[in-house]
Amino acid sequence: MKRLPATLIVPLAVLSLALAWVLTLGEKMRWLHEFDARNEEIALHAQSLLSVNPRTSSDAVNGSIARFDALKKVRSSRGLIHLALCLGDQAAESTTGLNGWQRLCERSKTSRRDETLEVGNLLARMNASGWKDSRGRDWQLLVFQDQGGLSAETRAAFLRNWLGLVFFLALSTAILIGQARNWILTYALSLYRALRQKAAGRIPLLPVTHELPLSRSVEQLTAKILRLPVALQAPPAPVAQIQPSEPPADADLLRLDELTRGRRMIVIANREPYIHNRRDGGIEVQRPASGLVTALEPVLRHSGGLWVAHGSGSADAETSDEHGMIGVPPGLPSYQLKRIWLSQREEQGYYYGFANEGLWPLCHLAHQSPHFRLQDWQEYRRVNARFASEIPEDWLDERSLLLVQDYHFALVPRLLKDRRGVGKISLFWHIPWPTAEKFRICPWAEELLHGMLGAGLIGFHTLTHCRNFLESCERLLEARVDRENLCVTYRGHETKVRAFPIGIDTTPVRKLDEREIGELKTRYGVGNIPFIAVGVDRLDYTKGLLERVAGVERFLEKYPRYRGEFSWIQIASPSRTTIPAYQDLSLQLEHAIQRVNDRFGDASLGYLPIRLLARHHDWEEIRWFYQMGQVALVTPLHDGMNLVAKEYVWCQSEERGSLVLSRFAGASQELTDALLVNPYSAEEIADSLDQAFSMTESERIRRMRAMKEKIARHSAFSWANDLIQATLESSPEAAPSTLPGVRIRTGT
Ligand code: ADQ
């Protein structure tokens with residue numbers, strides 16, 4: 001550590017001396033009090049001996065004095081040096097060697113007195129206590145204890161206190177200085193980034209000032225320098241704070257900075273990253289349970305930009321400006337959110353109807369029939385057109401980077417392309433892409449492909465989905481498909497098709513110790529259960545929850561030694577609750593769980609093998625929750641990727657945790673060290689659970705380590721970087737088409 005300046009040392013020295021003096025004084029008072037208490041004890045004992053039943057007055061005097069002789073032996077007690085007896089004002093008797101004490105008899109006779117005085121060449125603590133005998137005469141007993149060692153002890157105590165304080169103050173000052181330096185460095189770094197963003201023409205991320213002294217003034221000054229409003233359009237009503245996580249590895253950030261320099265990044269997604277809801281008279285902010293938000297939000301938070309989404313919260317309108325714009329994250333805005341308001345009819349048709357009752361089951365192998373209704377399709381087209389046209393003009397130019405997200409906006413790439421001069425467009429499809437055979441079930445399959453191929457790049461999680469998409473283009477459109485180089489040329493415009501396996505935010509997560517895990521288990525009502533499995537999903541039929549219950553039932557049936565010793569706790573965030581298939585799932589799940597709990601639970605012990613917590617949880621809760629489970633059950637019937645599997649592994653310490661993962665989740669292609677299962681097979685789920693619980697520690701560690709390494713290599717940031725880079729490298733705007741256009745039909 002560098003040398004501390006004298007301006008710091010002098011006040012520290014004075015402060016430590018003063019504190020040491022006060023502390024020592026306190027100790028000295030305590031010691032004196034101990035002396036007095038001991039003396040009082042001796043005096044009481046002596047008094048009881050001296051006041052024994054005198055018959056005559058002279059008896060009483062002589063008897064007391066005689067007994068006093070016997071008492072002198074008490075002097076052998078530790079520290080006691082002299083005793084003296086007074087009758088009235090007169091000295092009566094004393095132990096030998098005590099001189100000049102007679103004057104002490106003249107003082108008050110019946111009350112107690114304590115004082116420190118010199119006896120010969122000794123320093124003594126004297127305590128006097130008096131009493132009346134049966135004839136009404138006053139007696140006093142003077143007890144003298146050696147107080148000689150006290151000064152030495154006081155000096156030693158002072159030195160000890162002082163040294164202790166110097167050490168403590170020096171350490172805490174060093175920590176404070178270190179911390180302050182950290183704050184300043186962090187601040188300087190974020191200021192530097194903000195300036196770079198500003199230079200690049202993006203809305204900059206304002207530096208974090210809330211931890212600095214004079215934070216508001218610093219923030220205002222920074223905003224002034226950068227010519228920005230302070231706390232961009234922060235919501236007026238009180239909101240719950242959401243802690244943004246720490247930034248990820250610098251290499252990824254630098255690459256992101258490079259790629260986005262001088263560009264405006266615009267994300268178009270159905271789900272907004274922050275939802276404001278009215279609750280209990282206040283406003284609450286929620287981060288939705290969405291894989292897309294999990295992956296993309298940290299990217300925008302770092303780089304700035306615009307997120308365009310459906311404003312679905314009950315307090316969204318009152319927290320945004322007249323254009324639906326609001327700076328987010330709340331309290332520390334670093335990018336803009338533009339909320340698009342949908343009517344009930346639009347939401348019903350576009351979101352619940354076409355996207356979630358049509359495309360969602362179409363793209364997933366979950367044996368749920370897709371429903372395609374003309375009215376839903378019309379709303380889908382209308383809402384896609386609104387999103388494409390409502391992106392503010394001043395955000396669009398040739399250098400903008402438009403990242404369209406998911407199956408809600410298949411038509412947006414083409415519509416944006418038609419606006420011209422809007423920059424590079426990509427579409428990332430977060431869910432699987434079915435075979436061409438299945439895809440053509442959709443009555444508007446060609447129109448969807450036509451819309452999608454307006455993008456220069458289309459991304460999927462896996463190569464299988466890319467190939468399925470190419471096959472669909474080949475069979476349904478008049479397009480040239482290059483299977484080797486993975487691209488489609490349609491109406492003279494080339495679209496690249498690539499696999500980008502999505503990742504998670506790989507900021508290190510604090511690991512709980514055994515005691516904390518114990519407390520957590522108690523909170524979830526499984527304090528005395530040794531084997532815990534956890535699950536975290538949206539309540540969706542593709543997540544294989546019913547099949548998971550069947551697997552757990554089979555596990556308890558086949559391996560009876562786990563009965564009473566095992567619990568599976570499932571967090572399930574309600575999703576798309578107005579759709580009948582989701583309502584049915586919720587009911588069926590409750591019944592199935594009830595059946596297993598009735599069969600294997602024990603009401604008298606409060607034991608439930610399965611617990612379902614059907615509510616939204618925030619990220620803080622989820623990352624602790626993951627650590628409670630020795631096993632995670634992630635068994636979707638079909639999933640584009642599945643981020644829960646990655647989050648679970650990332651949150652575990654190496655010594656704990658096993659992942660039971662569906663072969664039909666995109667994640668299984670990367671996380672090959674998980675226990676892979678067919679989610680339809682109760683037998684496989686049961687066996688994997690047993691295997692997970694009985695696995696050797698070295699085996700478990702080997703698997704976890706391998707999975708963690710893969711997750712660390714492909715974080716959300718590296719995914720975004722790859723996607724952005726490929727978008728930038730995608731072909732420029734198409735020459736006018738020479739091929740016949742695809743007719744947008746409006747009926748089946
Ligand atoms: P989802 O189907 O939403 O994502 P997933 O990838 O598992 O599925 O992501 C869910 C996210 O929501 C996770 O970050 C999880 O922590 C969170 N979450 C789940 N349940 C929650 C709850 N009860 N409370 C709060 N948060 C909860 C879609 C595709 C996936 C693909 C992602 C990303 O269906 O296949 O992996 O997009 O591309």
Side-chain angles (χ1 to χ4, degrees), residues 242 245 267 269-271 273 275 285-299 355-356 359-366 403-408 427-433 459-462 464-465 499-506 509 534-545 569-577 582 586 589 611-627 632-651 659 661-662 664-671 711 714-716 719-720 723:
I242 288 180
S245 47
V267 167
N270 171 72
R271 185 63 68 219
I275 306 178
V285 192
Q286 201 188 55
R287 277 281 289 278
S290 151
L292 181 160
V293 172
T294 304
L296 265 173
E297 202 278 336
V299 174
N356 284 315
L359 291 179
W360 179 264
L362 179 76
C363 292
H364 287 92
L365 289 170
L403 306 176
V404 183
Q405 303 299 311
D406 231 354
Y407 60 101
H408 309 93
L427 168 67
F428 192 84
W429 199 263
H430 290 258
I431 61 176
W433 189 270
F460 295 96
H461 290 303
T462 69
T464 313
H465 302 150
F500 303 100
I502 202 166
I504 54 165
D505 186 350
T506 50
V509 170
V534 293
V536 175
D537 297 86
R538 280 186 305 100
L539 227 171
D540 193 298
Y541 52 81
T542 60
K543 302 294 180 186
L545 292 166
I569 311 174
Q570 174 68 43
I571 285 181
S573 170
S575 183
R576 306 166 195 171
T577 44
Y582 286 77
S586 181
L589 189 62
R611 286 163 193 262
L612 175 71
L613 308 171
R615 67 171 174 87
H616 183 85
H617 287 62
D618 64 31
W619 173 232
E620 275 291 310
E621 284 176 285
I622 287 185
R623 69 174 150 182
W624 304 143
F625 179 76
Y626 283 139
Q627 295 187 45
L633 285 170
V634 185
T635 57
L637 305 181
H638 199 195
D639 220 330
M641 173 56 70
N642 194 298
L643 294 182
V644 169
K646 295 188 172 183
E647 288 169 356
Y648 171 78
V649 171
W650 192 249
C651 289
L659 175 65
L661 177 62
S662 163
F664 309 137
S668 68
Q669 297 190 7
E670 281 178 87
L671 305 180
I711 293 170
H714 299 288
S715 69
W719 168 79
L723 182 73

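Index from 1, following the sequence. Remember, it's 1-based here, ligands and their atoms both numbered in the order they're listed.
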Under 3.5 Å, is there a donor-acceptor pair between the side chain of Asp618 and the main chain of Glu620?
-> yes
On the 0 to 90° scale, with breaks at 30° and 60°, tag the Phe625-His617 ring pair as parallel, tilted or perpendicular.
-> tilted
Is the backbone N or O of Arg287 less than 3.5 Å from a side-chain atom of His616, with the two atoms forming a donor-acceptor pair by type?
-> yes
Are the side chains of His638 and Ile431 in touch, meaning some heavy atoms are under 4.5 Å apart?
-> no
Could you give the distance from CG (Leu427) to CZ (Phe460), rounded to the nearest 0.5 Å?
-> 7.5 Å
Ring pair (Phe, Tyr, Trp, His ring centres under 6.0 Å) partner of His461, chosen from Trp433, Trp429, Phe428 = Phe428
Between ligand 1 and the protein, find all N/O pairs closer than 3.5 Å and give the distance for each.
{"residue": "ligand 1", "atom": "2 (O)", "partner": "Arg538", "partner atom": "NH2", "Å": "2.8"}
{"residue": "ligand 1", "atom": "2 (O)", "partner": "Lys543", "partner atom": "NZ", "Å": "3.0"}
{"residue": "ligand 1", "atom": "3 (O)", "partner": "Gly291", "partner atom": "N", "Å": "3.4"}
{"residue": "ligand 1", "atom": "3 (O)", "partner": "Arg538", "partner atom": "NE", "Å": "3.1"}
{"residue": "ligand 1", "atom": "6 (O)", "partner": "Leu643", "partner atom": "N", "Å": "2.8"}
{"residue": "ligand 1", "atom": "7 (O)", "partner": "Leu643", "partner atom": "N", "Å": "3.4"}
{"residue": "ligand 1", "atom": "8 (O)", "partner": "Lys543", "partner atom": "NZ", "Å": "3.1"}
{"residue": "ligand 1", "atom": "9 (O)", "partner": "Gly291", "partner atom": "N", "Å": "3.4"}
{"residue": "ligand 1", "atom": "12 (O)", "partner": "Ser290", "partner atom": "N", "Å": "3.3"}
{"residue": "ligand 1", "atom": "14 (O)", "partner": "Thr294", "partner atom": "OG1", "Å": "2.8"}
{"residue": "ligand 1", "atom": "14 (O)", "partner": "Glu647", "partner atom": "OE2", "Å": "2.6"}
{"residue": "ligand 1", "atom": "16 (O)", "partner": "Glu647", "partner atom": "OE1", "Å": "2.6"}
{"residue": "ligand 1", "atom": "16 (O)", "partner": "Glu647", "partner atom": "OE2", "Å": "3.4"}
{"residue": "ligand 1", "atom": "20 (N)", "partner": "Asp537", "partner atom": "O", "Å": "3.4"}
{"residue": "ligand 1", "atom": "23 (N)", "partner": "Ser573", "partner atom": "N", "Å": "3.2"}
{"residue": "ligand 1", "atom": "23 (N)", "partner": "Arg615", "partner atom": "O", "Å": "3.4"}
{"residue": "ligand 1", "atom": "24 (N)", "partner": "His617", "partner atom": "N", "Å": "3.0"}
{"residue": "ligand 1", "atom": "24 (N)", "partner": "His617", "partner atom": "O", "Å": "3.3"}
{"residue": "ligand 1", "atom": "34 (O)", "partner": "Asp639", "partner atom": "OD1", "Å": "3.4"}
{"residue": "ligand 1", "atom": "35 (O)", "partner": "Asp639", "partner atom": "OD1", "Å": "2.5"}
{"residue": "ligand 1", "atom": "35 (O)", "partner": "Gly640", "partner atom": "N", "Å": "3.0"}
{"residue": "ligand 1", "atom": "35 (O)", "partner": "Met641", "partner atom": "N", "Å": "2.9"}
{"residue": "ligand 1", "atom": "36 (O)", "partner": "Asn642", "partner atom": "N", "Å": "2.9"}
{"residue": "ligand 1", "atom": "38 (O)", "partner": "His430", "partner atom": "ND1", "Å": "2.6"}
{"residue": "ligand 1", "atom": "38 (O)", "partner": "His461", "partner atom": "NE2", "Å": "3.1"}

